[in-house]
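When a residue number appears, it is its place in the shown sequence, counting from 1. Since the structure is predicted, the reported quantities are computational estimates derived from the model, not experimental observations.
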Amino acid sequence: MSTAIEFNHVSKQYRLGLVSTKTLSHDIRRFWITNVLGKEDPYLKIGETNDRASKGNSEYVWALRDIDFKVEQGDVVGIIGKNGAGKSTLLKLLSRVTGPTTGTIRAHGRIGSLLEVGTGFHGEMTGRENIFMNGAILGMTRNEIQSKLDEIIDFSGCERYIDTPVKRYSSGMTVRLGFAVAAFLEPEILVVDEVLAVGDAEFQKKAIGKMKDVSTGEGRTVLFVSHNMQSVKALCRNGILLKNGQMEMAGEISDVVGYYLQENQADFSRKVAIVPNRHRPHPTNCELEIIEAEIMNDNEHLATDEPLEFLLRIKKNDNTTRKFTVGLMIDDNEESRVGSYVSPVYMVPENKSEFTIHITLRNHNLARGIYRVGFNIGHKEIEYGLRDYDVLTNVLALNVVNVTKNTPIVLWQKQWGSTNYRDAEIKIE
C-alpha cells in the first residue's frame, strides 16, 4: 500500500505576541544570515516547549517539534491530545494553511480540509456558490461538481437555505455544509478537526458513518482530530498522541487512547482542597462556590457493593441565596456519562460563610474500572429551570476493583459495560 502522508522531522515555531523580531536591526540581521549567507536562522535556536500551563522565559515556542510519521493510503488516523498540544497546527501544516519552520511534508493527492467553522467559505456567497468555489479549489470541473451537487445538499440538510448567503447560516448549518463539501467532492485526503462537535447528535453519527465509507469503501485517507474518545475509537484504526507539541505515542488507536486516558489520571485525585478552574466548564457566579471535594471512603480500591461517600465544602458569597440543590455526575474512563444524581431542594445554612455537604450513594453498582466524578450546586427556579451556581467536571477519581467488598473479581469483560445491576427481580412460574 502506498504512502499518502509523510511528515519528516517537521517543526513549527511561533513568536508570542509579536510578528517579526521586534527591531529593524534584528530583522536585517536575520535576512542577512538566512538569505545572503545561507546559514540557519539564529532565532530558531531559541524556543521552549509549548506548555500552555506554565510561564516561560522565551518569546518563542515550538508549537510542534520534530514530528515524524507516515500514513498509508486508506488509513484512518485519530490525532488526540490536550488543548494546546499541537493537533490543529499539525492539520494546518498538512492543509498548507501555514508552512513548517523546519522539516518537510509530502501529501499525495488532493486534500479536503474542515479545520474550523466556515473554513473556505465566503460569507457573501450562497451555499450553492460556495460548493462550486470549493470544488474549483480542489481542481474539479464544473460538471464533476454538478454531478455531486444533489448528494452534497441532501447530506448537509440545508436544502431550504442553499441559495441564501452563508453569513446567515448558524454554526451548525455551516459545519454541515462544509463537511458535505469536503466529503463528497472526493479529495484523496480528508482532514477533519474538532468542528463536528458543533453539529447535533444526528449529524455527528452521519458524519462518522460517511468517514468510514470514505476510508473503507473508497480507499481515501482520513485524519481526524477530536476530544471525544468514543468517536475516535469507533472511526480510527491508528492514532497519534501529541503532548506539548511533540509526539508522545503512535500506534493502534485502542493502545493510544488507553495510554492517553491513563496518563490523564494524574490530573484527578481522591481529594481536591482548592479546586482549580480547569475543572470548571464555565466560571462560577460565586453565589455558592465549591471550594473542596473529597471521597470519604477509607479504601482506595472500591467494591461494587460498597457505598460511596463524598464531602463537599461550600463557600457562601451571597447572603441572599436561600435554596440550593446538589448534583453528582459519574463518567467512565472514556468520558461517557454512566450515572447522575440531583438532590431535592435544601435551605442554605444561615449565619455561616462556609458549610459542608455529605453525599452517600448506597448502591452505585459500578462495575470494575476507573471513573471520574463531578458535582454541581444550583437552584431550581420556576421561571428558568435549573440554574447552576457552580459546576465541577471530572474533579475526583474512583477505582472500582471488586464485585463485593471481600470477593475480588478475576475477569471483567469490557463489553459488559460500566454498571453492574445487582438488584434485578426474577420470577419463574
Side-chain angles (χ1 to χ4, degrees), residues 3-16 44 47-53 60-117 119-120 175 178-179 182-183 187-197 211 214-215 220-229 231-233 235-253 255-257 259-260 263-264:
T3 300
I5 301 169
E6 187 174 352
F7 274 63
N8 294 312
H9 303 287
V10 171
S11 299
K12 180 64 178 179
Q13 188 184 64
Y14 289 107
R15 180 166 188 163
L16 299 177
L44 298 186
E48 296 179 321
T49 300
N50 186 26
D51 185 356
R52 60 183 169 82
Y60 296 88
V61 296
W62 292 101
L64 290 175
R65 190 69 181 265
D66 197 29
I67 304 298
D68 193 82
F69 67 88
K70 293 181 180 179
V71 178
E72 301 299 323
Q73 181 182 345
D75 198 1
V76 185
V77 178
I79 302 174
I80 62 175
K82 294 183 179 180
N83 291 330
K87 304 183 298 297
S88 295
T89 301
L90 187 149
L91 296 191
K92 287 178 181 178
L93 290 174
L94 176 61
S95 304
R96 299 185 178 91
V97 173
T98 185
T101 304
T102 62
T104 59
I105 302 171
R106 293 186 177 90
H108 304 282
R110 296 176 299 193
I111 300 174
S113 302
L114 192 60
L115 302 181
E116 58 187 41
V117 176
T119 299
V175 165
F179 180 84
E188 282 76 22
I189 299 170
L190 181 61
V191 177
V192 183
D193 205 342
E194 185 62 54
V195 290
L196 291 186
M211 284 190 281
V214 161
S215 61
R220 287 184 270 163
T221 308
V222 179
L223 261 63
F224 181 50
V225 167
S226 179
H227 289 287
N228 187 327
M229 295 300 109
S231 297
V232 170
K233 290 181 71 174
L235 175 65
C236 304
R237 289 191 289 268
N238 294 303
I240 295 172
L241 172 61
L242 296 180
K243 182 178 179 181
N244 297 333
Q246 297 177 303
M247 272 183 62
E248 180 87 351
M249 183 181 181
E252 292 188 10
I253 192 63
D255 296 335
V256 175
V257 169
Y259 177 86
Y260 170 63
E263 185 185 50
N264 283 342

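The two residues Thr221 and Ala4 come nearest to each other via the heavy atoms OG1-CB, 3.4 Å. Contact between Ile67 and Gly245 at its shortest, heavy atoms only, is CD1-O, 3.6 Å. When all heavy atoms are compared, the tightest approach of Ala107 to Leu94 is CB-CD1, 4.0 Å. When all heavy atoms are compared, the tightest approach of Asp75 to Arg237 is CA-NH2, 3.1 Å.
In this structure, Trp62 CH2 and Thr102 OG1 are separated by 5.0 Å, a value rounded to the nearest 0.5 Å. Expressed to the nearest 0.5 Å, how far CD1 of Ile105 lies from CG of Leu90 amounts to 7.0 Å. Here the OH-CD1 distance, from Tyr259 to Ile80, works out to 11.0 Å after rounding to the nearest 0.5 Å. To the nearest 0.5 Å, atoms CG (Asn244) and CZ (Arg65) are separated by 12.5 Å. Note that CD1 of Ile240 and CD1 of Ile79 are 5.0 Å apart. Values are rounded to the nearest 0.5 Å.
Asp255 meets the side chain to side chain contact (heavy atoms under 4.5 Å, CB included) test with Met249, Glu252; sequence neighbours excluded. Under the salt bridge (Lys or Arg N to Asp or Glu O under 4.0 Å) criterion, Arg106 pairs with no residue at all, not counting sequence neighbours. Every side-chain hydrogen bond (donor to acceptor under 3.5 Å, both in side chains) that Lys12 has, sequence neighbours left out, goes to Thr98. For Ser88, the side-chain hydrogen bond (donor to acceptor under 3.5 Å, both in side chains) test picks out Asp193, with sequence neighbours left out. Contacts of Arg96 classified as salt bridge (Lys or Arg N to Asp or Glu O under 4.0 Å), with partners at least two apart in sequence or in another chain: none.
Considering only heavy atoms from C-beta on, Asn238 stays 4.5 Å or farther from Val256 through its side chain. Within the 4.5 Å cutoff, the side chain of Leu223 has heavy atoms near those of the Ile5 side chain. Taking the side chain as every heavy atom from C-beta outward, Val192 and Val225 never approach each other to under 4.5 Å. Proximity of Gln246 to Asp66: side-chain heavy atoms (C-beta onward) are nowhere separated by under 4.5 Å. Val10 is listed as a side-chain neighbour of Leu93, based on a closest heavy-atom distance under 4.5 Å.
Within the 3.5 Å criterion, the main-chain N or O of Val232 finds no donor-acceptor partner in the side chain of Ser226. Under the 3.5 Å distance criterion, the side-chain polar atoms of Lys87 are matched with a main-chain donor or acceptor of Lys82. Put simply, the side chain of Thr101 gets close to the backbone of Gln13: a donor and an acceptor are under 3.5 Å apart.
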### Query
Does the side chain to side chain contact (heavy atoms under 4.5 Å, CB included) test come out yes or no for Ile253 and Cys236, once each step is laid out?
CA-CA 6 Å; Ile253 192 63; Cys236 304; 4.1 Å; yes
### Task
Before giving the answer on side chain to side chain contact (heavy atoms under 4.5 Å, CB included), spell out for Leu64 and Leu242 the whole-Å C-alpha distance, their side-chain angles and the decisive distance to 0.1 Å.
CA-CA 9 Å; Leu64 290 175; Leu242 296 180; 4.3 Å; yes
### Task
Test Tyr260 against Glu248 for side chain to side chain donor-acceptor pair (under 3.5 Å), laying out the working first.
CA-CA 9 Å; Tyr260 170 63; Glu248 180 87 351; over 6 Å; no
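A salt bridge is defined here as a Lys NZ or Arg NE, NH1 or NH2 lying under 4.0 Å from an Asp or Glu carboxylate O, and Glu188 with Arg220 fails to meet this definition.
Among residue pairs with one or both ends in residues 63-90, those qualifying as ring-ring contact (aromatic ring centres under 6.0 Å, His included) are Phe7-Phe69; sequence neighbours excluded.
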